Amino acid sequence: MSQHRQPAGHAGNRRLSDGRNTGSDYRPPAAIVALAQRRFPRPAEIRRTHPHYENWLPDQYGPAFWETLYFGHTFQLGTLARGTGGDWEGFHLAMATDAGVATVTVTTDGPHAIAQFRNLVLWQGQAAPTLNLPPGERVERQGITFLAVGNTWLAIHPLADGFALEVGEPQSHGSFAAFQTAVVDRAALSLSGTRLTYRDSQGHEIALNRHLQNGLPQVWRDGSRHDWHHHWQTPDWFAIAGLSPPAEIPRLVD
């Protein structure tokens with residue numbers, strides 16, 4: 001009896017003695033692989049919501065988390081509007097370095113709120129948080145803490161009950177020295193009543209009132225009040241990556 005031979009490197013569908021498959025010939029479309037590997041133009045912002053952990057319960061319907069993510073060329077910045085609580089982390093900054101990845105996290109015990117607009121963050125709470133910073137080139141200028149970690153640059157404006165953060169990189173500011181000069185010369189942090197506003201080194205503006213409305217902080221992005229009911233805004237990754245979406249995502253069947 002002749003034997004069917006598979007090409008070299010082709011595993012095919014393997015079956016157990018009871019007939020179940022243990023492998024598959026399925027290969028995802030190139031467009032899906034590109035997105036999974038984050039091969040898309042940067043910078044890019046994603047806004048999305050997440051459900052409650054126990055979303056099958058009657059009183060757990062609707063979003064529980066409002067997340068903003070920003071992908072720079074050298075860093076990824078993410079926040080949750082309600083901040084850290086329970087077993088979730090409300091702030092995270094990851095930066096590429098020659099040694100791997102360096103991170104910035106925030107430690108706090110009290111209630112707080114966070115506003116994010118691309119590479120900008122405002123953090124306000126009832127007490128000052130602790131920023132856990134990695135090693136890097138640190139400079140203090142006019143009350144601002146500047147930190148260079150690889151090719152990611154931070155400008156931290158401390159507050160009695162929080163901080164304002166601007167993140168730069170070569171593609172946005174050229175050099176660490178130029179980033180410092182731009183922040184010192186052009187950025188401004190102000191408080192009017194309960195509204196905290198930060199204008200960054202490139203003219204963009206983010207504002208935060210941490211007093212909640214319907215359980216969420218009030219946020220303004222370049223002067224426009226943010227509508228939490230329309231928070232989600234996922235880019236058309238296929239379009240910006242110059243790819244065509246697959247006509248159909250194959251469904252594996254027995």
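Only a predicted model underlies this, so the values are computations on that prediction, with no experimental measurement involved. Along the sequence shown, the residues carry numbers beginning at 1.
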Atom of [X], atom of [Y] and distance for their closest heavy-atom approach:
| X | Y | value |
| --- | --- | --- |
| G162 | P129 | CA-CD, 3.7 Å |
| V101 | A94 | CG1-CB, 3.9 Å |
| P134 | L147 | O-CD2, 3.9 Å |
| G125 | H112 | CA-CB, 3.6 Å |

Are [X] and [Y] side-chain neighbours, meaning at least one heavy-atom pair lies under 4.5 Å?
| X | Y | value |
| --- | --- | --- |
| L196 | N209 | no |
| L131 | I156 | yes |
| P170 | W153 | yes |
| T108 | T130 | no |
| N151 | E169 | no |
| R225 | Q218 | yes |
| V139 | Q180 | yes |
| H92 | T105 | yes |

Output yes when a side-chain donor or acceptor of [X] lies under 3.5 Å from a complementary backbone atom of [Y], and no otherwise.
| X | Y | answer |
| --- | --- | --- |
| T97 | G100 | yes |
| H226 | S224 | no |
| T181 | A177 | yes |

Selection residues 125-150 - residue pairs positive for salt bridge (charged side-chain N to carboxylate O under 4.0 Å, His left out), sequence neighbours left out:
R138-E140
Quickly, which of L154, N132, L165 forms a side chain to side chain contact (heavy atoms under 4.5 Å, CB included) with V104? Name it, please.
L154
Report yes or no: do [X] and [Y] belong to one cluster of Ile/Leu/Val/Met/Phe/Trp/Tyr joined by side chain heavy-atom distances under 4.5 Å?
| X | Y | result |
| --- | --- | --- |
| F163 | V149 | yes |
| L133 | L159 | no |
| V106 | V219 | no |

Basic-acidic side-chain contact under 4.0 Å: R186, E166:
no
What pairs with L69 under side chain to side chain contact (heavy atoms under 4.5 Å, CB included), at least two apart in sequence or on another chain?
I46, R48, E67, F71, Q76
Does the side chain of H173 pick up a donor-acceptor pair with the side chain of S201 at under 3.5 Å?
yes
Rounded to the nearest 0.5 angstrom, the NE2-CD distance for H73 and Q171 is 4.5 Å
Please report the C-alpha distance between M95 and T74 in whole Å, then the side-chain angles of each, then the deciding distance to 0.1 Å, and finally whether the side chain to side chain contact (heavy atoms under 4.5 Å, CB included) criterion is met.
CA-CA 6 Å; M95 301 164 287; T74 64; over 6 Å; no
So, H157 versus Y198, ring centres under 6.0 angstrom or not?
yes
Only pairs under 3.5 Å count here: list side-chain donor-acceptor contacts from residues 113-124, not counting sequence neighbours, and write none if there are none.
| residue | atom | partner | partner atom | Å |
| --- | --- | --- | --- | --- |
| Q116 | OE1 | T79 | N | 3.3 |
| Q116 | OE1 | T79 | OG1 | 2.7 |
| Q116 | NE2 | L77 | O | 3.4 |
| Q116 | NE2 | R118 | O | 3.1 |
| R118 | NH2 | Y70 | OH | 3.4 |
| N119 | ND2 | V167 | O | 2.7 |

